[in-house]
Amino acid sequence: MADNLFPTKIESKSKSVQELVMNNEEPPGNYFYEGGVNGVLESSLPVLEMPVIDISRLTSPSTSREEVEKLHSALISCGCFMSINHGITGVFLDQVRSVTAQFFALPMEEKLKCSRAVDSREGYGNDMILSEDQILDWTDRLYLIVSPEDQRQFKFWPEKPESFREILHEYTTKLKVIVEVVLKAMARSLNLEDNCFLDKYGERALMQARFNFFPPCPRPDRSLGLKPHADGSAITIVLQDKEVEGLQFLKDDQWFRVPIQLPHALLINVGDQSEVMSNGFFKSPVHRVVTNSERERTSVAVFCSPDPDNDIEPVDGAVSETRPRLYKKVQDYGSKYFQYYQKGKRPIEAVKI
Ligand SMILES: O=C(O)CCC(=O)C(=O)O
Ligand SMILES: [Fe+2]
């Protein structure tokens with residue numbers, strides 16, 4: 001009886017992917033796609049020609065116009081870009097990678113101190129299971145709300161490695177500066193008023209950090225590290241693994257591999273809420289993570305979303321007689337988004353007019 005009422009309670013106690021791997025256990029069937037996953041072999045897919053945007057040029061009066069144009073074409077063509085000269089040193093980014101790797105390398109009992117609760121997303125764990133036919137992602141993750149600061153729940157924040165909290169705080173403080181520059185430039189690139197996205201984003205915008213760990217997978221042809229999804233954020237900033245690729249974007253119905261040859265660039269992609277605010281001029285790209293059987297991979301995604309109390313809708317300048325409003329007004333998109341994600345559906349469909 002209780003099982004039927006609260007299936008997630010039972011299921012979410014399932015082992016982490018890392019435990020399955022450590023114990024050499026046969027992964028349960030709910031990690032596998034029936035017909036397999038196409039195109040996981042590295043060589044079988046084309047590499048995405050990632051546009052590279054120089055963040056410092058976006059802010060300098062003499063170069064801003066040109067760089068904003070580049071940003072415009074990057075976002076129109078693939079919804080993502082690599083950012084360089086973003087103001088964060090390579091040494092510091094490597095520290096972020098290092099504390100991430102150190103956290104996932106801790107003994108399980110130490111990591112479990114940060115375990116997410118059964119019905120919560122925040123904390124350490126694997127997929128929350130919402131239906132019996134859900135196919136699980138081959139990943140363990142630590143998910144933390146970083147901003148607004150008064151919403152931090154430190155019971156989920158690791159105490160080990162010792163510098164983890166401080167580095168996360170410093171990292172996200174630096175990312176805030178980038179978010180502001182990028183949201184302004186995105187508005188400018190559509191000839192909109194500079195602050196129109198930023199105003200909707202708000203003073204109490206939400207920043208959520210997701211530390212992803214993808215252990216080697218015995219059947220990369222049958223499972224995915226992250227199922228195809230688009231992010232529910234305004235923008236997402238991803239620090240990829242330096243040595244192991246895995247992220248892929250869907251463009252013109254074809255999967256493309258994201259290259260990792262710029263280890264100190266930050267990947268930035270449009271999220272659904274920018275698609276809504278821009279009235280569909282920017283599209284939130286679908287992406288996935290594939291697994292491999294040999295090497296573990298980590299990534300840190302920071303989802304930058306508008307204040308959940310703000311109304312998010314197409315900004316005035318993006319709506320005209322020739323381009324009618326394409327999206328409804330939404331609030332707290334992120335919470336709605338989550339249910340859809342686990343079911344492998346796209347929430348943006350629900351807010352289209
Ligand atoms: O692992 C990556 O490179 C991307 C992660 C991602 O897409 C996400 O966490 O939403
Ligand atoms: Fe994502």
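One-based numbering, in listed order, for ligands and for the atoms of each.
- Shortest contact from atom 6 (C) of ligand 1 to any protein heavy atom: Leu226 CD1, 3.4 Å.
- Protein heavy atom closest to atom 2 (C) of ligand 1, with residue, atom name and distance, is Ser299 OG, 3.4 Å.
- Side-chain atoms of His287 and Asp231 include a donor-acceptor pair closer than 3.5 Å.
- Among all non-hydrogen protein atoms, the one lying nearest atom 4 (C) of ligand 1 is Leu247 CD1, 3.8 Å.
- The closest protein non-hydrogen atom to atom 10 (O) of ligand 1 is His229 NE2, 3.1 Å.
- Ligand 1 has at least one atom lying under 4.0 Å from a heavy atom of Arg297.
- Each of the atoms 1 (O) of ligand 1 lies under 4.0 Å from some heavy atom of Phe214.
- For Asp231 atom OD1 and His287 atom NE2, the angle they make at the Fe ion (ligand 2) is roughly 90°, to 10 degrees.
- To the nearest 0.5 Å, atoms CD (Gln273) and OG (Ser284) are separated by 10.0 Å.
- Ion pairing between a basic and an acidic side chain is recognised when a charged N comes within 4.0 Å of a carboxylate O; Arg346 and Asp272 show such pairing.
- Taking CZ of Phe214 as the reference point, atom CG of Asp241 lies at 9.5 Å (rounded to 0.5 Å).
- Remark: the backbone N or O of Asp309 is paired with a side-chain donor or acceptor of Asp307 at under 3.5 angstrom.
- Taking every heavy atom of both residues into account, Gly123 and Phe156 meet most closely at CA-CD2, 3.6 Å.
- Taking atom 8 (C) of ligand 1 as the reference point, the nearest protein heavy-atom neighbour is Arg210 NH2, 3.4 Å.
- Between the choices Asp241, Asn212, Asp231, Val302, the shortest heavy-atom distance to atom 5 (C) of ligand 1 belongs to Asn212.
- Near His287, meaning under 4.0 Å from any of its heavy atoms, are these atoms of ligand 1: 7 (O).
- Phe249 does not carry Arg288 over the face of its six-membered ring by the limits of under 6.0 Å from the centre and within 45° of the normal.
- With Phe92 as the aromatic partner, Lys174 meets the cation-pi criteria of under 6.0 angstrom to the ring centre and within 45 degrees of the ring axis.
- Of all the atoms in ligand 1, the ones that sit under 4.0 Å from a non-hydrogen atom of Phe303 are 8 (C), 9 (O), 10 (O).
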